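Below is one structure, written out as structure tokens, with a few remarks after it.
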Amino acid sequence: MRELLADAADRAARYLATLDERTVFPSPEAIAALTALGGPLPAEPLEPAEALRLLDEVAGPATVASAGGRYFGFVTGGTLPAALGASVLAAAWDQNAAFRVMSPTAATLEEVALGWLAEVLNVPAGSAGAVVTGATMANLAGLAAARRALLLRRGWDVERDGLFGAPPITVVVGAEVHVSLLKALGLLGLGRERIVRVPVDGQGRMRPEAMPPVDAATMLCLQAGNVNTGALDPAPALCALAREAGAWVHVDGAFGLWAAASPAYAHLATGYELADSWATDAHKYLNVPYDSGIVFCRHPEHLRGAMMMGAAYLQSDESREPAHYGPELSRRARGLELWAALRSLGRTGIAELVERTCGHARRFAEGLRSAGYPVLNEVALNQVLVSFGSDAVTRRVVELVQAEGTCWAGGTAWQGQAAMRISVSSWATTEVDVERSLEAIIRVARDVSLLEALG
Ligand SMILES: *Cc1c(COP(=O)(O)O)cnc(C)c1O
């Protein structure tokens, strides 16, 4: 075992050390070579070390180098050293985090990490939380608590009696709502399209003056961090409105809620502490491994009411039982990685991580602007949207930047215009990475313009 683990650690370390020299997106040849790992399941066993070698040598080269410093696709964090180490231990320990009796360690560390996270994200003390797989599941859990609360008020126990015949709920979202929140609404029987969409401004923020009437049967879903612009909905005005009416406020704060972690950016997240439930990701801004999301709920009884399950054999006592607050039962002890990441950074380290990535985003914006390319968003957080000319030219630049391999940034459309979307979320990104990436993007964009001009 020791030899195998040492071999795995060697291979992992070599992988990370060589990320800087390879293209960020794998070559077509590396991807094609993956077929060697398929075919019918072989009848004969294989030595574990040999299986590991095959994985490393065949699957490794076909990975996307998102663990490195020049991956700016989607909103993708890397893995902090402490979190990576904790992940190795967690795999060795193989704890089931469902119930305290299955793993006192997992239950305790998860509880500690949730408490620290609540502090960092300015979630009120006394809120309940759960560790889930990502913001999609966190949205689902938060909205399930909301659904329960709003219906219980009107004498309807939705967990017991289901939705057929239940009093209606109004769901209000911004026009720029994330698709995962709509998916959660669909899974909860509330409907992906049975929603009221609030018009947004040029940054994708809900416009308070365009809010429809809300009442005590309304779920108002705010977004902290638009996936394109990074903008946060104006929570102070919207939460005040909702509170007055007795509506439930849910926050999809997958990455934007992390503004609260830095004194320099906390003003962006003002007002979010007034919400009733919050969904966020740890695998984005906190840079822990996938799959790690968090839900918080101001009203522990409603999250618990929506998620609770009991059976004679599921022994539990008075302490917090993880499975009573989240949608899953058996699961990995993700709390170990959360704890290690938070403990290794400390409050100042978390703030610094947010500030550093946002600083890199500003440098991207400045470099692109001074090369003559318009930045389409206010770079308030870690997202940059840039156009390289016509939509066709912009899309071509995105495609060629991805193929060139120095870095990877995605394409998007922002309010009718094609854009490259640069998202800086990784602890691993350095100033050198940003300059190298800027140089590559600008070089590719100039080549595309030149070819365009020559017809
Ligand atoms: C990433 C993201 C999600 C989905 O998160 P997963 O962790 O991928 O499930 C939801 N909302 C927003 C705003 C996001 O950025």
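Computed from a predicted structure; not experimentally measured. Indexing begins at 1, ligand by ligand and atom by atom, following the structure's order. Values reported hereafter were calculated over all heavy atoms of this structure, with side chains retained and with hydrogens, waters and symmetry mates removed.
Ring geometry, Trp278 versus Phe296: the interplanar angle exceeds 60°, so the pair is classed perpendicular (tilted spans 30 to 60°).
For Asp276, the side chain to side chain donor-acceptor pair (under 3.5 Å) partners at least two apart in sequence or on another chain are His299. Applying the side chain to side chain donor-acceptor pair (under 3.5 Å) rule to Glu159 yields the partners Arg148; only residues at least two apart in sequence or on another chain are considered.
Near ligand 1, Gly134, Ala135, Thr136, His178, Ser180, Gly225, Val227, Asp252, Ala254, Phe255, Asp281, His283, Lys284 each place a heavy atom less than 4.0 angstrom from the ligand.
Without hydrogens or angle criteria, Thr429 side chain to Gly69 main chain gives a donor-acceptor distance under 3.5 Å. Arg298 contributes a side-chain N or O that, together with a main-chain N or O of Glu273, makes up a donor-acceptor pair within less than 3.5 Å.
Evaluation of the side-chain hydrogen bond (donor to acceptor under 3.5 Å, both in side chains) test over residues 60-75, restricted to residues two or more places apart or in two chains, returns Tyr15-Thr63, Asp20-Arg70, Arg22-Thr63, Arg70-Asp433.
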